[in-house]
There are 2 protein chains.
Amino acid sequence: MTISPRLERLRDAGYKLTTARATVLGVIESHEGHMTSAEILDEVSKRDASIGRASVFRTLDLLTRLAIIRPTYTSGSATPNYVLMPDGHHHHIVCVQCHQTIEFHDCGLAVLSERLEEEFGVKLTGHLLEFYGVCEACSEAGVIDEE
Amino acid sequence: MTISPRLERLRDAGYKLTTARATVLGVIESHEGHMTSAEILDEVSKRDASIGRASVFRTLDLLTRLAIIRPTYTSGSATPNYVLMPDGHHHHIVCVQCHQTIEFHDCGLAVLSERLEEEFGVKLTGHLLEFYGVCEACSEAGVIDEE
DNA sequence: ATGTAAATGATACCACGTCTCAATAAGCAT
DNA sequence: ATGCTTATTGAGACGTGGTATCATTTACAT
């Protein structure tokens with residue numbers, strides 16, 4: 001069996017390679033982009049009904065700790081969206097009106113990252129950059145917040 | 001009564017200026033930094049026990065839509081932390097081991113922000129930049145993840 | 001093969017956050 | 001000030017996402 005490089009990271013960190021973990025990661029990887037926990041739960045049990053809810057959440061926690069995925073803002077106080085961090089980083093714009101997200105790729109943050117590592121003595125593995133604003137469609141519709 | 005500039009933003013956007021809203025914002029403003037919804041709930045009812053839970057959550061949603069605060073997910077799938085966005089932006093480093101956060105201030109993202117506005121036709125009001133890594137203390141303790 | 005500790009699944013459980021709805025208060029016009 | 005209109009509120013019931021517990025299973029080392 002070939003092992004996804006991300007699963008290897010998991011094993012290298014001292015965690016066991018289980019089917020539950022592989023399935024959860026597989027689901028997230030195959031479904032590039034944002035997923036809510038409900039969607040993940042759903043897809044996982046479609047692929048392997050024997051996997052319990054608890055394990056899915058435990059795996060999400062674990063993947064988060066390993067900076068493989070990241071929970072991120074959705075709507076106000078609702079449940080998070082999980083986002084894959086392809087090379088340890090992820091960037092998007094989210095529209096505060098309609099919650100649509102636009103992904104973009106170059107951020108030029110490598111320099112800042114290094115500076116911070118020195119300044120604070122930390123070892124950085126990734127980052128998430130979210131911009132907030134109003135998308136084209138919404139600003140044309142002109143809902144609230146026009147001054 | 002003098003009105004906080006943030007409350008004014010709220011009113012200018014067409015929302016009424018109520019005690020519930022003022023209290024919630026007041027709590028968040030006075031407690032600079034990160035707060036969970038539980039902490040906010042607690043502080044609010046300490047200041048004014050007549051304010052209901054529902055209104056607090058509604059206000060959090062509203063403030064989020066207005067980009068005055070922002071929920072961020074420091075730990076895995078737990079409840080979000082609400083963060084004030086002083087000038088529309090906020091930056092921190094979060095330790096994936098102990099969940100401690102370190103705030104920093106200059107990010108040099110203004111340039112990128114403008115470029116994105118042009119490229120995607122959006123109007124950006126703020127951003128959140130999170131770095132993930134291992135803090136000094138944790139990497140000395142050397143828990144998991146040493147290669 | 002066998003042992004052992006980590007991980008799992010089932011389920012009961014809890015808390016966060018939402019919904020509903022009648023009561024209230026903000027803001028405006030007079 | 002006064003009254004009108006409508007957004008907003010508080011109370012509480014409700015749903016659901018996520019967690020704790022624990023006996024069972026599984027991964028991995030020897």
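Sequence lines set the chain letters: A, B, ... in the order given, protein chains first and strands last, and positions in each chain run from 1. Given the structure is predicted, the values throughout are model-derived calculations rather than measurements. Only heavy atoms go into these numbers, but all of them, side chains included; no hydrogens, no water, no symmetry mates.
- Judged purely by distance below 3.5 Å, without hydrogens or angles, the side chains of B/R9 and B/S4 never pair a donor atom with an acceptor atom.
- Contact between the side-chain N/O atoms of A/S37 and the OP1/OP2 oxygens of D/dG18 is found at a separation under 4.0 Å.
- Rounding to whole angstrom units, CZ of residue B/F57 and C1' of C/dC16 are separated by 6 Å.
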Does the pair A/K46 and A/D42 meet the rule for a salt bridge (charged side-chain N to carboxylate O under 4.0 Å, His left out), with working shown? CA-CA 6 Å; A/K46 231 174 250 168; A/D42 200 53; 3.5 Å; yes

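- Using a 4.5 Å heavy-atom cutoff, the side chains of A/R70 and A/L84 are not in contact.
- Taking only distance into account, the side chain of B/R58 meets the base of D/dG10 through a donor-acceptor pair shorter than 3.5 Å.
- Remark: P of D/dT26 and OH of A/Y15 are 22 Å apart, rounded to the nearest angstrom.
- Taking atom CG of residue A/L10 and atom P of nucleotide D/dA27, one finds them 14 Å apart after rounding to whole Å.
- Under the 4.5 Å side-chain criterion, counting only non-hydrogen atoms from C-beta, A/L112 is not in contact with B/L109.
- Within a 6.0 Å radius of CZ in A/R6, more than 12 heavy atoms belonging to other residues, nucleotides or ligands are found.
- Atom-to-atom, CD of B/E39 to P of C/dG17 comes out at 12 Å; the value is rounded to the nearest Å.
- B/S50 comes within contact range of the sugar-phosphate backbone alone, with a heavy-atom separation under 4.0 Å but no base atom that close.
- Counting any heavy atom pair closer than 4.0 Å across all strands shown, A/T19 reaches no nucleic acid atom.
- Comparing B/A54 and A/A54 by the nucleotide of DNA chain C that holds the closest heavy atom to each, the one mapping nearer the 5' end is A/A54.
- For DNA chain C, the residues of residues 20-30 of chain A within the heavy-atom distance limit of 4.0 Å (strictly under) are A/A20, A/R21, sorted by number.
- A side-chain donor from one of B/H34 and B/H92 sits under 3.5 Å from a side-chain acceptor of the other.
- Closest to the A/P80 side chain, of the nucleotides D/dC28, C/dG9, D/dG18, is D/dG18.
- Taking atom CG of residue B/L17 and atom P of nucleotide C/dC28, one finds them 11 Å apart after rounding to whole Å.
- As judged by a 4.0 angstrom heavy-atom cut-off over every strand, B/I51 is placed among residues touching the sugar-phosphate backbone only.
- OP1 and OP2 of C/dA25 both lie 4.0 Å or more from every side-chain N or O belonging to B/T18.
- Counting only residues at least two apart or in different chains, salt bridge (charged side-chain N to carboxylate O under 4.0 Å, His left out) contacts with residues 109-120 of chain B comprise A/D106-B/R115, B/R115-B/E119.
- Residue contacts for B/L41: at a heavy-atom cut-off of 4.0 Å it reaches no nucleic acid atom on any strand shown.
- Nucleotide C/dC19 holds its C1' atom 13 Å from the CG atom of B/D61, rounded to whole Å.
- Distance B/R53 CZ to C/dC14 C1': 14 Å, rounded to the nearest Å.
- Side-chain contact between B/L62 and B/R21 is present, with at least one heavy-atom pair separated by less than 4.5 Å.
- Here D/dT25 presents its P atom at 16 Å from CG of A/D48, a figure rounded to the nearest Å.
- The side chain of B/K16 lies closest to D/dT8, out of C/dA5, D/dT8, D/dT9.
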